[in-house]
Each structure stands twice: as C-alpha cells, then as structure tokens.
Amino acid sequence: MTAPRFNGEILDIRLSELSERIGTRLRGDGDRVVSRVARLTQADSSSLTFLGDPRYRKHLADTQAGAVILAEADADAAPAPVLISDNPYLAFARAARILHPPEPVRGGIHPSAVVDPEARIDATAWIGPLCVIEAHAEIGPGVFIGPGC
C-alpha cells in the first residue's frame, strides 16, 4: 500500500487504499481517487459521502459522489463505487480523519502559560494560552494542551 499524497491542502487517495485502511468492502473501481468528504446531496466526483440514515436514501440515486459508504442493503442503489460497512457512520468518520487529517502538533509554550520550573515538557508538546503546568508534571512528545487547561 502506498501512502496518500498531499496535493496542496488536498489529500488524494485511491478507493482500494481507503477501503483497506477503514475496513470496508469495496465494490466498484478501486483506482478511483477521492480527495474530500461531502454530504450526499452536495458531493462531486472527487468526494466521498455516506448513507447511514434510511431517510436520505431518496438522495442516493442522484448523488454525484465519487464513492459512497453504505450498508450492503443499499449498495445496488448507488450510482458510484461503494465502500460497504456494517456501520457506515463509523467508516465515514475513519475516512474523514484520513482525508482531512488534524494539523500536527507544533511544539511551544504560549507566553501566557504558567509553567513551574520543575515541570518536564517535551520540546514537541504545545502548551496553550493561560494553561497552568504544576511542579513535577511530565508532558510527553506531541501532547497538545488547549487554552485554559
């Protein structure tokens, strides 16, 4: 499996790779590429969408999505390749995290944070504004401590 590639801010991934990573069964063109997630009614050919609630099934036939995550029972009604899951909500959440990864934590301590000199903070951790870090605290690599904590 090759790693997804970044194209500016857009992450492109082949459906075969995405299906493997999120644990779904692929039906359709595994070489098709998607780069973002979108609602069923707003998706385009580069979008991945999902059908989890049967109330939205009426929109499935008209979707322009590049691929749809859905349950086996709905697969035949999709006009695009499908990623079949017993839990489309969970599979979509996993896919969204792959297609829209969180920003990496950048190390640093905000000037308004109060850090006891006896605290140990890894250089890659981020300590947000108005945080208080007590004596003997150990903050590990890549930890993100949000504002006011």
Side-chain angles (χ1 to χ4, degrees), residues 1-26 28-57 59-60 63-72 74 78 80-149:
M1 174 174 25
T2 61
R5 64 185 196 286
F6 288 93
N7 178 11
E9 292 184 15
I10 298 173
L11 177 68
D12 295 331
I13 190 168
R14 289 181 14 245
L15 290 180
S16 59
E17 292 179 43
L18 183 62
S19 179
E20 185 177 327
R21 289 182 64 184
I22 66 173
T24 59
R25 292 185 322 275
L26 172 64
D29 181 5
D31 287 329
R32 179 165 294 182
V33 172
V34 292
S35 59
R36 65 186 191 96
V37 297
R39 293 183 183 145
L40 192 62
T41 57
Q42 297 176 334
D44 62 22
S45 62
S46 67
S47 304
L48 175 70
T49 191
F50 83 110
L51 175 65
D53 187 330
R55 292 180 294 176
Y56 296 101
R57 192 171 197 272
H59 300 294
L60 183 59
T63 190
Q64 299 296 309
V68 182
I69 296 173
L70 41 62
E72 178 78 42
D74 296 312
V82 295
L83 301 167
I84 300 169
S85 173
D86 293 336
N87 187 339
Y89 288 106
L90 178 59
F92 187 72
R94 289 176 176 157
R97 187 159 177 95
I98 292 168
L99 288 165
H100 302 281
E103 289 286 323
V105 174
R106 289 174 173 68
I109 299 173
H110 192 274
S112 67
V114 178
V115 179
D116 189 284
E118 294 184 32
R120 291 180 39 200
I121 300 173
D122 188 276
T124 63
W126 187 82
I127 311 299
L130 304 174
C131 289
V132 176
I133 308 298
E134 300 278 342
H136 309 294
E138 293 186 32
I139 311 297
V143 171
F144 176 93
I145 300 180
C149 293

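In this text, all values refer to a predicted model and were calculated from it rather than measured experimentally.
Within the structure, every pair that satisfies the ring-ring contact (aromatic ring centres under 6.0 Å, His included) test and touches residues 111-144, not counting sequence neighbours, is listed here: W126-F144. Residue pairs meeting the salt bridge (Lys or Arg N to Asp or Glu O under 4.0 Å) criterion with at least one partner in residues 40-54, sequence neighbours excluded, are R36-D44, D53-R55. Under the side chain to side chain donor-acceptor pair (under 3.5 Å) criterion, no residue pair touches residues 137-149, with sequence neighbours excluded.
R39 and T41 share no side-chain donor-acceptor pair at under 3.5 Å.
When side chains are defined from C-beta on, D31 counts as touching R14, because their heavy atoms get closer than 4.5 Å. Side-chain contact between L83 and L26: present, with at least one pair of heavy atoms (C-beta onward) separated by less than 4.5 Å. I133 places none of its side-chain heavy atoms less than 4.5 Å from the side chain of D116. Between P141 and T124, the closest side-chain pair of non-hydrogen atoms falls below 4.5 Å.
Among all heavy-atom pairs drawn from S35 and D12, the shortest one is CB-OD1, 3.2 Å. When all heavy atoms are compared, the tightest approach of A43 to A38 is CA-CB, 3.7 Å.
Scanning for side-chain hydrogen bond (donor to acceptor under 3.5 Å, both in side chains) contacts around H110 gives S112, with sequence neighbours left out.
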Output side-chain donor-acceptor pairs under 3.5 Å for residues 87-99, partner residues at least two apart or in another chain, one line each.
from	atom 1	to	atom 2	distance (Å)
N87	OD1	Y89	N	3.4
N87	OD1	L90	N	3.1

Report, one line per pair, each donor and acceptor closer than 3.5 Å where one atom sits in a side chain of residues 63-70; sequence neighbours left out.
from	atom 1	to	atom 2	distance (Å)
T63	OG1	L40	O	2.9
T63	OG1	A65	N	3.2
Q64	NE2	D62	O	3.3

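With rounding to the nearest 0.5 Å, the separation of CG in D74 from CG in L51 is 5.0 Å. Going from atom CD1 of I22 over to atom CD1 of I13 covers 9.0 Å, rounded to the nearest 0.5 Å.
Partner of I127 under the side chain to side chain contact (heavy atoms under 4.5 Å, CB included) criterion, chosen from V114, I109, V143, V132: I109.
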